[in-house]
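Keep in mind that this is a model prediction, so the values were computed, not measured.
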Amino acid sequence: MGVMECSRAECPNVMCDRYSPEYGYICNSCFDELGKNSNDCIATFMSTPKTEAETETYWSDYLKLTFTDSRGEDV
């Protein structure tokens, strides 16, 4: 399995599961954001850069799901 980088401009996410022959790969974070912005044209959305805040939030959420406190508590 190769690295499937998100096709959205400046999105650093890799290993994306969703693919469109027209638009390329998209990560879950961008896909969720696109779903919340139903008025966006997909092509326009894919050409907009992902902001650092969006990337940090996604990364933070990912880390929380990946690592748990050894006592079983939320960190």
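Using a 4.5 Å heavy-atom cutoff, the side chains of Arg8 and Thr48 are in contact.
Nearest heavy-atom pair across Cys11 and Lys50 is SG-CD, 3.6 Å. Looking at every heavy atom in both residues, Asn13 comes nearest to Ser29 through ND2-CB, 4.2 Å.
Going from atom CD1 of Ile42 over to atom OG of Ser47 covers 12.0 Å, rounded to the nearest 0.5 Å. Note that the CE atom of Met46 and the SG atom of Cys6 stand 5.0 Å from one another [nearest 0.5 Å].
Using modelled atom types, no side-chain atom of Arg18 and backbone atom of Asn28 make a donor-acceptor pair closer than 3.5 Å.
Listed by chain and residue number, Glu22, Tyr23 satisfy the side chain to side chain contact (heavy atoms under 4.5 Å, CB included) test with Ser20 (two or more places apart in sequence, or in another chain). When the ring pair (Phe, Tyr, Trp, His ring centres under 6.0 Å) test is applied to Phe31, no partner is found at least two apart in sequence or on another chain. Partners of Tyr25 by ring pair (Phe, Tyr, Trp, His ring centres under 6.0 Å), not counting sequence neighbours, listed by chain and number: Tyr19.
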